[in-house]
Amino acid sequence: MNGKRIPPYLMIVVGGTGDLARRKLLPAICRLREKKLSEFYMIGAGTGRQHNDATYRDFVARSVEDEGVNLDALGDDFGWLYYNSVGGGTLEEYRTLAARIQELEKELNLPGNRIFYLAVPPSVFPNAIKNIGEVGLNKSGGDIKLVVEKPFGQDLKSAETLNELVHGYFSESQIYRIDHYLGKETVQNLIAFRFSNAMFESLWNRDRIERVEITVAETVGVGHRAGYYDRVGALRDMIQNHLTQILTLIAMEVPTSLDAESVRHEKVKVLRAISPISPGDVIYGQYTRGAVEGREAVGYTEEEGINKESETETFVALRLNISNWRWQGIPFVLRTGKRMFKSITEVAITFRRPPVSIFRQFSIKDIQANKLIMTLQPNEGFDLYFNVKEPGDSYKLPTQNLHFQYGEVFGRIPDAYETLLLDVLRGDQTLFVRSDEVESSWELYTPLLTPHSNVYRYASGTWGPDAAENLLNGDKWCTE
Ligand code: BG6
């Protein structure tokens with residue numbers, strides 16, 4: 001974090017009345033405004049319900065209050081917020097938006113620093129980017145940035161086309177591709193943990209590690225996002241971005257510094273070293289009826305808005321190999337699913353057992369491997385599992401753990417969007433996905449996209465299809 005004063009910005013949120021804006025962006029913006037880091041104004045460029053400035057301010061106040069922002073403590077009249085509809089997505093509407101922006105910049109005496117934030121479904125990105133460029137909003141003499149939400153493309157080809165389109169109007173140094181997992185403190189802490197604790201880094205390789213498992217399990221179902229989700233599925237929604245980002249941070253080499261290019265360079269090297277994933281190493285699943293946390297849950301195809309015949313996957317487990325000096329031959333398992341037994345995001349590193357057992361009563365298989373579990377959410381923290389001798393006249397080796405939990409040591413952890421927005425304002429691209437990174441990731445997963453030959457069914461409230469357990473020779477796939 002650098003303490004430099006941030007110059008004034010006008011942020012234009014396309015999708016300013018949408019779900020993402022309401023639930024994530026606006027609360028984060030309010031919390032950042034509380035810190036008074038910069039002079040900051042925003043236009044909600046709405047694609048949904050119509051507003052004027054006054055009703056939009058009211059809408060935002062209610063939305064952020066619903067998300068836990070204390071309006072009294074905030075003491076804000078929301079006078080920094082404006083509204084302008086771009087609902088039809090026409091060039092004419094963007095001309096009107098451009099006029100409004102110029103008018104406000106003049107009235108507020110702003111230097112033309114603009115952030116365009118696309119908080120809209122991916123199908124809207126190309127049109128919005130093109131219109132912003134065509135009406136000349138990408139030029140002002142000030143500092144201009146473009147923030148794009150995930151998923152960036154649907155596959156390799158569409159990601160390349162989208163990159164080409166964006167690069168027609170913006171340079172790479174102006175583009176901030178969001179993967180909100182990178183904004184999570186605990187995900188960033190993977191870097192801190194690895195590169196500030198030499199003890200672990202010296203064990204971080206194929207000689208000492210037996211396998212790595214990255215799990216993002218959610219109890220929620222598809223919710224109100226049927227239209228989006230049924231076309232996308234878990235591979236595109238979670239694996240290609242969030243889990244792969246975690247993977248690159250776990251597996252990358254030591255960057256020369258924490259600047260954006262050094263870190264992103266190392267992440268891309270990991271992606272390029274991953275061998276093509278064999279279809280036999282991927283298990284797809286879809287939830288059926290069941291009970292989650294004691295409550296009955298309907299099956300995926302019974303959800304509102306989902307095609308009854310849908311074969312879209314809500315669960316993916318896959319095994320991959322990073323073919324480089326550090327990791328060759330070590331299985332990395334990525335798993336994610338909706339309507340799972342419980343919500344947990346964790347990285348489990350299993351270390352190799354000792355080469356032989358000197359304890360006569362145990363074979364080497366009876367000695368538990370050391371494990372490091374990094375829990376990214378909820379109950380963020382670390383557990384290091386090791387064996388001890390139980391007091392007594394013979395050797396019994398129960399496993400114990402060293403435990404650290406963020407919540408017990410630090411106060412409130414900032415939300416990912418607060419961190420990411422601040423980085424956009426400061427111009428730090430370290431936690432954003434570079435164009436070659438997004439393309440390398442799609443290159444890896446595009447051959448695995450639909451139609452899948454076999455989508456196993458699993459009951460809501462379980463850990464997914466049994467077939468997924470076979471990816472690790474039948475070992476159970478969660479620590480708890
Ligand atoms: C989003 C996905 O990117 O991440 C959702 O589209 C998923 O399907 C969500 O539920 C999970 O994010 P978090 O921060 O709740 O783990």
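From a predicted model like this one, the values you see are computed outputs, not experimental measurements. When a ligand or atom number is given, it counts from 1 through the structure's own listing order. Throughout, numbering of the chain's residues begins at 1 and tracks the sequence.
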Subject >> Test log, rule side-chain contact (heavy atoms from CB on, under 4.5 Å), inputs Y287 and T462 >> reply: CA-CA 9 Å; Y287 63 81; T462 64; over 6 Å; no
Original post:
Are E149 and K24 ion-paired here, with the side-chain N under 4.0 Å from a carboxylate O?
Top reply: no
Subject >> Those protein residues which place at least one heavy atom below 4.0 Å from ligand 1 >> reply: K150, H180, Y181, K184, E218, R225, D237, M238, H242, K338, Q377
Original post:
With a 4.5 Å heavy-atom cut-off, do K267 and V263 have their side chains touching?
Top reply: yes
**OP:** Return yes if a side-chain donor-acceptor contact under 3.5 Å exists between T312 and D230, otherwise no.
**Re:** yes
Original post:
Can you name the one residue among F341, Y458, F315 that meets ring-ring contact (aromatic ring centres under 6.0 Å, His included) with W463?
Top reply: F341
Original post:
Taking all atoms of both residues into account, what is the closest heavy-atom pair of Q405 and H403, and its distance?
Top reply: OE1-NE2, 3.3 Å
